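Taking it in order: structure first as structure tokens, then the write-up.
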Number of protein chains: 2
Amino acid sequence: MRSYEQVCFVARALDVLGERWTLLIVRELTLGPRRYSDLLTSLPGMGTSLLATRLKHLEKHDVLRRTTTPGPGRVAAYELTERGEQLLPVLAGLAQWGAGLDDPPPGYTNHAAWPMVAMRLTAPEQAADFNTLTELTIGDETLWLHGDGKQVRTGTGPAPLPPGLRLTSDTNTFHALAKGRLTVADAVASQRLDVAGELHTARLFFQLFRLPDGQPPKA
Amino acid sequence: MRSYEQVCFVARALDVLGERWTLLIVRELTLGPRRYSDLLTSLPGMGTSLLATRLKHLEKHDVLRRTTTPGPGRVAAYELTERGEQLLPVLAGLAQWGAGLDDPPPGYTNHAAWPMVAMRLTAPEQAADFNTLTELTIGDETLWLHGDGKQVRTGTGPAPLPPGLRLTSDTNTFHALAKGRLTVADAVASQRLDVAGELHTARLFFQLFRLPDGQPPKA
DNA sequence: CGGCATCCGTGACGATACTG
DNA sequence: CAGTATCGTCACGGATGCCG
């Protein structure tokens, strides 16, 4: 862990966060606690040894903490500390900037949670008012989301309460919906999206959390 | 330049910006165009070969451009593109977060421009209304700064017009002033700060651009 | 399953010497 | 001053194995 050894806030932040994979680990935890093996599969290409090193490093610098889930399994998990949550603006800035890049080359891996992370990071203030508890099943992953008026809260796994809206689709369809390249009506009609709940709430969801898109939404 | 190969805005941004030194180069350019040798001395520890590689990389990705200064010397210089300027929120987020860290260990190098970069990045909105053209001579570096009502503009070297305020001090004194650990009155009295212009404007300057500080301002 | 150590090949990095 | 060439070193990625 080489330091820049500069008396500069930016350099000091990068001393902690600047190494490979580090900010992507934080990204993974923004949606809620994750287990070790979850992180490994969410970060393809990363060696297990390196992940362990990074986790200890981030724990030491108060970005995340190791906890055991309260459930019956009593499994180990990692979650952001308050200081870690304060990195959301940094991730949001990166996401906003990254949205301006060209479409990625084909072959890049895509995970269900990633568009959701970006949607939440780049969502406008008013998204906090989206107070319908929503459960999303994208491909094989399930997440939930809920605006409490102050901020948007999220978690992995099934919603903690019966959700008011349930959306089910595959990763590509969700991505197209998020970018506005596909409408809810079209997606439902072609059976690529299942909506359990009010259709107009689903429309509102994709309207509020729309991802920036270089391409036009379809002439 | 290894890519994460993920369809994720954050990961794609880090594909361009995530490698060592990259964001620090952007930091150096936020105050205005810089020459190759300036960058080298501003980034102690970085090899000249690597700097050349990074500059080409960032030029290719439209973060900065290589220009020749309009002056008589016709020297090569690097400056941010519009897309590069859009990285200011990212740097601001990092600076804000880095400000929450403990004081750096002694021995870290400190440059005149660094506190100024952070001051501008973390300044409140109203700092844009600081419309006094101010020239700062900190140690051996000279910079200027001016709020045009919309944003704070900065540049390296002497001010392009006769400034309304001129501040002269050494790096440590400036740092202490910026953090509010030293008052303008005390600094002037102890001859560590020279103010050419109105004293209350100087006070306003350090009030607007105050750096966050973990330690109390002095009991 | 979670977590960590070890080995090894590759590539990124740091320092210095060299050139237009 | 603005870079390029070279080389030693270290971080990383991949695989494997050990231990709770």
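Values below: all heavy atoms of this structure, side chains included; hydrogens, waters and symmetry mates excluded. Not measured: the values here are computed from a predicted model. Numbered from 1 within each chain, the chains take letters A, B, ... in sequence-line order.
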TODO: Note every stem involving DNA chain C: at least three consecutive Watson-Crick or G-U wobble pairs, i with j then i+1 with j-1, with both distances under 3.5 Å.
DONE: C:2-20 with D:1-19
Task: Proximity to DNA chain C (any heavy atom under 4.0 Å), residues of residues 50-59 of chain B only - done: B/Leu50, B/Arg54
TODO: Only counting residues at least two apart or in another chain, list the ones meeting ring-ring contact (aromatic ring centres under 6.0 Å, His included) with B/Trp114.
DONE: B/His111
Open item on the list: Tell me the interatomic distance from A/Arg2, atom CZ, to C/dC13, atom P, rounded to whole angstroms.
Closed with: 9 Å
Task: Non-hydrogen side-chain atoms of A/Met116 and A/Leu136 separated by less than 4.5 Å - done: yes
TODO: Figure out the CZ/C1' separation between A/Arg20 and C/dC13, and round it to whole Å.
DONE: 14 Å
TODO: Would you give the length of the straight line joining atom CG of A/Leu43 to atom CG of A/Leu50, rounded to the nearest 0.5 angstrom?
DONE: 10.0 Å
Task: Partner of B/Thr168 under side-chain contact (heavy atoms from CB on, under 4.5 Å), chosen from B/Ile138, B/Thr142, B/Thr173, B/Asp194 - done: B/Asp194
Open item on the list: Using every non-hydrogen atom in the two residues, find where B/Ser3 and A/Tyr108 come nearest and quote the distance to one decimal.
Closed with: OG-OH, 3.3 Å
Task: Pairs satisfying salt bridge (Lys or Arg N to Asp or Glu O under 4.0 Å), at least one member in residues 160-178 of chain A, at least two apart - done: A/Glu135-A/Arg166
Task: Heavy-atom pair of closest approach, residues B/Leu193 and B/Ser169 - done: CD1-CB, 3.9 Å
- [ ] For the residue pair B/Arg120 and B/Gln151, confirm or rule out a side-chain donor-acceptor distance under 3.5 Å.
- [x] no
Task: Donor + acceptor pair across side chains of A/Thr109, B/Tyr4 (<3.5 Å) - done: no
Open item on the list: Could you measure the distance from the OG1 atom of B/Thr81 to the CD atom of B/Glu79? Nearest 0.5 Å is fine.
Closed with: 9.0 Å
Task: Contacting residues from residues 23-34 of chain B, given that a heavy atom lies under 4.0 angstrom of DNA chain C - done: none
Open item on the list: Students often mix this up, so state it plainly: with edges at 30° and 60°, are the rings of A/Phe209 and A/Phe130 parallel, tilted or perpendicular?
Closed with: perpendicular
Task: Reading 5' to 3' through nucleotides 15-20 of chain D, protein heavy-atom contacts under 4.0 Å coded B for base, S for sugar-phosphate only, - for none - done: ------
Open item on the list: Among C/dG3, D/dA2, D/dG3, which nucleotide has an atom closest to any side-chain atom of A/Tyr36?
Closed with: C/dG3
